[in-house]
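Only heavy atoms go into these numbers, but all of them, side chains included; no hydrogens, no water, no symmetry mates.
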Amino acid sequence: RQAADLNYFPAAYMLYQTYRYGFVGVDRNKAASIKWLRRALELSNGKSKAHIFVDFARFSDPKQNNPDESFSDIPKSAANHLAYLKQAYEINPRDTWVADYYGSSLYDAKRYAEALEVRQNSNNPYTAK
């Protein structure tokens with residue numbers, strides 16, 4: 001916590017995960033978890049920021065019905081879900097995981113031309129160029 005309070009990104013992200021999953025004997029706490037996820041977003045850059053946007057996308061996915069995959073202050077909507085994924089993709093378009101998730105979500109939203117472009121520009125070996 002001291003490192004996170006001193007603006008050390010990895011510590012803030014670890015606190016988010018600790019409160020989210022209840023690691024190391026800490027009780028699960030959604031409010032504390034989202035607080036540290038937002039703080040980690042403020043402190044992050046590059047690939048780490050892209051992966052945090054993917055976390056936000058997962059929480060905003062309207063198809064996700066698992067209560068553990070939701071936070072009340074992250075509204076569930078297809079528009080939010082795609083907006084977070086787009087931000088992640090723009091930061092790191094060559095990340096296979098990000099490109100695959102974004103491309104699949106665009107496809108599910110019936111935005112086929114965009115989905116094809118994202119998937120073709122990814123490093124995904126299963127996507128035909």
Partner set under side-chain hydrogen bond (donor to acceptor under 3.5 Å, both in side chains) for [X], not counting sequence neighbours:
| X | value |
| --- | --- |
| Glu117 | none |
| Lys63 | Asp108 |
| Tyr101 | none |
| Ser44 | none |

(request) Using atom types as modelled and distance alone, determine if a side-chain donor or acceptor of Ser105 lies under 3.5 Å from a backbone N or O of Tyr102. (result) no

(request) Dump the intermediate steps for salt bridge (charged side-chain N to carboxylate O under 4.0 Å, His left out) on Arg119 and Asp100, then the final yes or no. (result) CA-CA 6 Å; Arg119 298 297 294 270; Asp100 185 57; 2.7 Å; yes

(message) More than 12 heavy atoms of other residues, nucleotides or ligands under 6.0 Å from CG of Asp27: yes or no?
(response) no

ILVMFWY cluster, [X] and [Y] together (side-chain gap under 4.5 Å):
| X | Y | value |
| --- | --- | --- |
| Val118 | Leu116 | no |
| Trp36 | Leu6 | no |
| Val54 | Met14 | no |

Find the distance between [atom1] ([X]) and [atom2] ([Y]) and round it off to the nearest 0.5 Å.
| X | Y | atom1 | atom2 | value |
| --- | --- | --- | --- | --- |
| Ser33 | Arg38 | OG | CZ | 11.0 Å |
| Phe9 | Glu42 | CZ | CD | 12.0 Å |
| Ile34 | Tyr19 | CD1 | OH | 14.5 Å |
| Tyr8 | Gln2 | OH | CD | 14.5 Å |
| Phe59 | His81 | CZ | NE2 | 12.5 Å |
| Gln17 | Asp55 | CD | CG | 7.5 Å |

Determine all donor-acceptor pairs shorter than 3.5 Å in which one atom belongs to a side chain in residues 82-92; sequence neighbours excluded.
{"residue": "Gln87", "atom": "NE2", "partner": "Ala83", "partner atom": "O", "Å": "3.4"}
{"residue": "Asn92", "atom": "ND2", "partner": "Asp95", "partner atom": "OD2", "Å": "3.4"}

(message) Which Ile, Leu, Val, Met, Phe, Trp or Tyr residues join Tyr107 in one cluster when any pair of side-chain heavy atoms under 4.5 Å counts as a link?
(response) Tyr112

What pair of heavy atoms forms the shortest contact from [X] to [Y], and how long is it?
| X | Y | value |
| --- | --- | --- |
| Pro75 | Ser60 | O-CB, 3.4 Å |
| Ala115 | Leu106 | CB-CB, 3.7 Å |
| Ala11 | Ala4 | CB-N, 3.5 Å |
| Arg28 | Arg20 | NE-O, 2.9 Å |

(request) For residues His51 and Trp97, determine if any side-chain heavy atom of one lies less than 4.5 Å from a side-chain heavy atom of the other. (result) yes

(request) Return the orientation label for the Phe53 and Phe56 ring planes: parallel under 30°, perpendicular over 60°, tilted otherwise. (result) tilted

